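Encoded as structure tokens, the structure appears first; notes follow it.
Predicted, not measured: the structure shown is a model, and the values here were computed from it.
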Amino acid sequence: MSTSSHQPSRRALRLLLVTGVAASALGTTALPALSAAPVPPPAAQAGLPIAAPFAAEGDLADPHTKDIAMQLVSSAENSSLDWRAQFGYIEDIGDGRGYTAGIIGFCSGTGDMLELVEAYTQSKPDNPLAGYLPALREVNGTDSHEGLDPGFTDAWARAAEDPDFQQAQESERDRVYFNPAVDQAKADGLGALGQFVYYDAIVMHGPGQDWPSFGGIRRAALDRAAPPSEGGDETAYLSAFLDARVEAMREEEAHSDTSRVDTAQRRFLDEGNLALRPPLHWAVYGTPFSIEE
């Protein structure tokens, strides 16, 4: 797999573990107190659909726009627009999260990989990864490979050839990251660009409410600007969110290259492309990318 020598994305720390393991156990710090802006829960957490208070420009859940979102994330995560080529990706990148794998960087140390393999095994018990479930449960919350080596990476590669495992990866990506991000963005009155901005943040920083996870970044933005759902200007609010996102990224060495914000998302915002409509031209870690239609 081709990667950039400056690429920090696969090293991005999931600062609140998906399974609820305390981030503080892995050495993260809490955000200093911010003003108490209301934080509606994502729909996936509330168990209810969240409708936008009014029609914003574009819908990231539209199949074509969603594919654009996957390409944008893959440009940062894998230095490639071919996000479907990443189902079999797996390596330990030394970020304290064990193995990182698949289309969204599921991690053996953060619980999302465990939940993925559990879901896959429930639908298809006889699969190459099923025998590793006890080990995945044991290493959850650590960077350990105990019980996984030496065969786990080969088993992942074999499973990745199975269309059912590919679908399981997409389903877990949507359940844990995509749907909550899009639901919250729509509730905040944001169009497709804002929905993508939320999605990319939740992919890198995790879906928690503390700093510097997604909820903490959003709370910092709310402290500085009102979202459209509260009568605010969409561009001003997204600018505040991106400012907070960059601050969060710079707190971690793995996030220190902020080009996925500065020369991608910020560029779309400066162009006024709130609907995230092609043609799109951006750069990540100095590499230019384009989506023409």
Side-chain angles (χ1 to χ4, degrees), residues 8-31 41-42 44-45 77 86-122 127-157 159-160 165 168-169 171-181 199-218 248-249 251-255:
S9 52
R10 286 292 186 183
R11 297 172 176 79
L13 304 182
R14 303 273 168 115
L15 294 167
L16 182 74
L17 305 186
V18 174
T19 54
V21 177
S24 59
L26 292 172
T28 61
T29 56
L31 174 70
Q45 297 177 16
E77 294 286 319
Q86 313 308 323
F87 289 109
Y89 164 81
I90 183 167
E91 65 175 319
D92 188 327
I93 57 177
D95 65 354
R97 267 51 180 182
Y99 281 117
T100 296
I103 57 171
I104 209 65
F106 301 99
C107 296
S108 61
T110 66
D112 54 356
M113 180 182 286
L114 171 60
E115 292 183 1
L116 166 64
V117 177
E118 285 177 336
Y120 177 43
T121 302
Q122 185 174 9
N127 72 74
L129 297 172
Y132 290 97
L133 277 172
L136 284 171
R137 294 185 182 108
E138 286 296 318
V139 303
N140 188 25
T142 78
D143 63 356
S144 174
H145 293 186
E146 186 172 356
L148 298 177
D149 290 341
F152 184 68
T153 56
D154 288 340
W156 184 280
F165 186 49
Q169 289 195 37
S171 295
E172 284 298 292
R173 172 202 64 200
D174 290 351
R175 182 183 71 84
V176 178
Y177 301 107
F178 186 82
N179 292 341
Y199 173 58
D200 191 66
I202 205 171
V203 165
M204 174 177 279
H205 300 280
Q209 295 299 325
D210 66 335
W211 181 268
S213 58
F214 167 75
I217 295 169
R218 177 176 172 272
M249 291 173 70
E251 288 190 7
E252 297 288 340
E253 179 60 31
H255 299 168

### Query
Between Tyr132 and Gly151, what is the shortest heavy-atom contact and its length?
OH-C, 3.2 Å

### Query
Can you find a pair of side-chain heavy atoms, one from Val117 and one from Phe106, that are under 4.5 Å apart?
no

### Task
Specify the closest pair of heavy atoms between Ala135 and Glu146, including all atoms of both residues, with the distance to one decimal.
CB-O, 3.9 Å

### Summary
Rounding to 0.5 Å, atoms OH (Tyr177) and CG (Asp200) come to a distance of 12.5 Å

### Message
Give me the atom names and distance for the closest heavy-atom approach of Val139 to Thr142.
### Response
O-OG1, 2.7 Å

## Note on the structure
Rounding to 0.5 Å, atoms CG (Leu129) and CG (Leu136) come to a distance of 8.0 Å

#### Entry: Gap between atom CG of Leu114 and atom SG of Cys107 - 0.5 Å precision
12.5 Å

### Query
Side chains of Tyr120 and Ser171: does their closest heavy-atom pair fall under 4.5 Å?
no

### Query
Looking at OH of Tyr199 and CZ of Arg173, how far apart are the two atoms once the value is rounded to the nearest 0.5 Å?
5.5 Å

#### Entry: Side chain proximity check, Glu172 to Glu115, heavy atoms < 4.5 angstrom
yes

### Query
Side-chain contact, heavy-atom cut-off 4.5 Å: Thr153 with Leu148?
no

### Query
So, for Met113 and Ala101, which heavy atoms are closest and what is the spacing to 0.1 Å?
CE-CB, 3.7 Å

### Query
Should the pair Tyr99 and Phe152 be assigned to parallel (<30°), tilted (30 to 60°) or perpendicular (>60°) ring geometry?
tilted

### Message
Once rounded to the nearest 0.5 Å, what's the spacing between atom CG of Asn127 and atom OG1 of Thr121?
### Response
4.0 Å

### Message
Please check: side-chain N/O of Trp156 versus main-chain N/O of Pro128, any donor-acceptor pairing under 3.5 Å?
### Response
no

#### Entry: Asp174 side-chain N/O to Asn179 backbone N/O, donor-acceptor pair under 3.5 Å
no

#### Entry: Heavy-atom side-chain proximity of Phe178 to Ile202 below 4.5 angstrom
no

### Message
With a 4.5 Å cut-off on side-chain heavy atoms, are Ile217 and Trp211 touching?
### Response
yes

### Query
Rounded to the nearest 0.5 Å, what separation is found between the CD atom of Glu118 and the CZ atom of Arg137?
5.0 Å

### Task
Measure the shortest side-chain to side-chain distance between Glu77 and Tyr89 over non-hydrogen atoms and say whether it is less than 4.5 angstrom.
no

### Note, Gln86 side chain near Gln169 side chain (heavy atom, < 4.5 Å)
no

### Query
Just checking, any donor-acceptor pair under 3.5 angstrom between side chains of Ser213 and Asp210?
yes

